[in-house]
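Residue numbering restarts at 1 for every chain, and letters A, B, ... go by the order of the sequence lines.
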Protein chains: 2
Amino acid sequence: MVSKKDNNTESDILEAAKNVFQRKGMFGARMQEIANEAGINKALLHYYYRSKQLLFEAVFKQAFGLMAPKLSAIINSELSLEEKIREFTSNYISFVIKHPYLPNFIIQELNSNPQFIEQLVAEKNFPDIAGFKKQVEEMTAVGKIRPINPNQLFVNIMALNVFPFIGKPLLKGFTKMDEKTYQEMLEERKTAAADFIINAIKLEQ
Amino acid sequence: MVSKKDNNTESDILEAAKNVFQRKGMFGARMQEIANEAGINKALLHYYYRSKQLLFEAVFKQAFGLMAPKLSAIINSELSLEEKIREFTSNYISFVIKHPYLPNFIIQELNSNPQFIEQLVAEKNFPDIAGFKKQVEEMTAVGKIRPINPNQLFVNIMALNVFPFIGKPLLKGFTKMDEKTYQEMLEERKTAAADFIINAIKLEQ
DNA sequence: GTCTATAGCCAGATAGAC
DNA sequence: GTCTATCTGGCTATAGAC
């Protein structure tokens with residue numbers, strides 16, 4: 001039995017580190033700022049996590065671990081292709097509206113630390129999408145959807161869901177949307193993004 | 001007349017800085033590494049650009065200035081909506097295949113330096129997309145496309161074009177594509193992404 | 001314009017008291 | 001476990017010779 005009392009400091013640190021790392025990234029973050037946000041002392045960070053690098057990895061793995069299973073659960077469910085797309089889009093956008101820094105954090109760190117990927121793949125942290133690909137091929141074969149490379153469809157689904165969060169400043173610059181309008185646009189995407197995808201692939205019978 | 005000789009060192013520095021900043025970001029980059037890559041001494045960086053911050057801004061503005069006009073030219077052309085989408089998608093993807101670090105660099109820095117946006121907007125560096133929006137509304141009004149919020153369509157177009165570059169490590173992890181397959185997928189997107197968009201909005205008459 | 005040498009600062013990490 | 005004080009290294013920036 002692992003003792004469960006007194007794990008407050010440790011989880012306070014992780015929570016504070018999450019906030020700071022997600023806002024500032026690995027290099028932009030300061031241990032002092034994390035300590036302040038956790039309401040403790042710098043030395044304690046090292047007592048619990050030994051180094052900045054290790055603290056960062058703990059945060060990253062927790063963040064990634066939060067996203068991956070949600071995706072996996074839907075991808076590998078018994079739902080029809082159309083239902084999967086609607087379900088995933090709606091769930092994902094709702095989730096990320098509550099954790100807006102998450103996608104950018106993950107993407108950014110994966111881009112600057114390619115070794116993370118190998119590690120994550122090796123540890124089987126990536127949900128398998130083979131079932132999804134097969135489903136797309138079957139739907140194509142029976143003429144229910146327009147022929148499409150399953151990888152392309154997967155990329156499109158991810159792009160339409162993730163990019164509005166990562167590209168927010170850029171998109172706001174172009175479209176001149178204010179913050180409120182942007183949030184409404186994101187809300188609308190819970191169904192609008194799925195509609196867009198379904199329309200793109202569906203064949204009238 | 002501004003003298004044009006002897007601008008080699010200055011442009012060597014900018015080129016080296018571009019490479020390092022795009023790979024490592026503002027905080028990850030080291031002045032020493034930039035100096036090495038430019039084949040000169042650290043002190044010279046300061047001689048030409050005064051500080052890391054100013055050098056960074058020079059790189060960023062050059063990068064952003066490379067992308068924005070291409071987009072603007074197409075958006076504000078006389079092409080039909082469908083042609084604009086096909087033209088933009090094909091041009092953008094071809095361009096970024098040659099400059100793969102660019103989108104991530106721009107997005108990342110816009111996300112961590114919100115003041116950049118205000119500056120860019122103030123300096124009118126963002127192409128105006130009002131003409132595009134109007135075109136979408138007209139096409140909707142005459143029943144040529146499915147009704148869609150023009151902002152949503154714009155977001156979708158950007159997402160489908162930009163995300164495959166920014167999310168590359170993530171997408172490779174999920175789809176298990178190797179590097180060669182991934183590049184082929186990107187090539188295919190020059191037309192496939194546009195097809196996807198057109199199919200999503202087009203109405204059979 | 002270009003270099004070497006170094007100042008000055010700041011952040012991560014540690015020692016050691018309590 | 002938690003704190004204060006301090007070490008240490010690395011990085012930006014500058015001084016000054018050539």
To the nearest Å, give me how far apart [atom1] ([X]) and [atom2] ([N]) are.
X	N	atom1	atom2	result
B:Met26	D:dC11	CE	P	14 Å
A:Tyr48	C:dA13	OH	P	18 Å
B:Lys42	C:dT6	NZ	P	13 Å
A:Lys24	C:dA11	NZ	P	11 Å
A:Asp12	D:dT2	CG	C1'	14 Å
A:Met31	C:dT14	CE	P	10 Å
B:Tyr49	C:dT2	OH	C1'	16 Å
A:Leu44	C:dA13	CG	C1'	13 Å

Scan A:Ala29 against the nucleic acid and name what it touches under 4.0 Å (heavy atoms): base, sugar-phosphate only, or nothing. sugar-phosphate
When you check the phosphate oxygens OP1 and OP2 of [N], does a side-chain N or O of [X] lie under 4.0 Å from one of them?
X	N	answer
B:Tyr47	D:dA13	no
B:His46	D:dA13	yes
B:Thr9	C:dT2	yes

B:Arg30, nearest nucleotide to its side chain (from C:dA11, D:dC11, D:dT4):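 Closest nucleotide to the B:Arg30 side chain: D:dC11.
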Does the gap between the ring centers of B:Phe105 and B:Tyr101 come in under 6.0 Å? no
ring-ring contact (aromatic ring centres under 6.0 Å, His included): pairs with one or both residues in residues 155-178 of chain A, sequence neighbours excluded: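 For residues 155-178 of chain A: A:Phe174-B:Phe126, A:Phe174-B:Phe154.
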Do B:Glu184 and B:Lys180 meet the salt-bridge criterion of a basic N to acidic O distance under 4.0 Å? yes
Just by modelled atom types, is the B:Asn8 backbone N or O under 3.5 Å from a matching donor or acceptor in the B:Ser11 side chain? yes
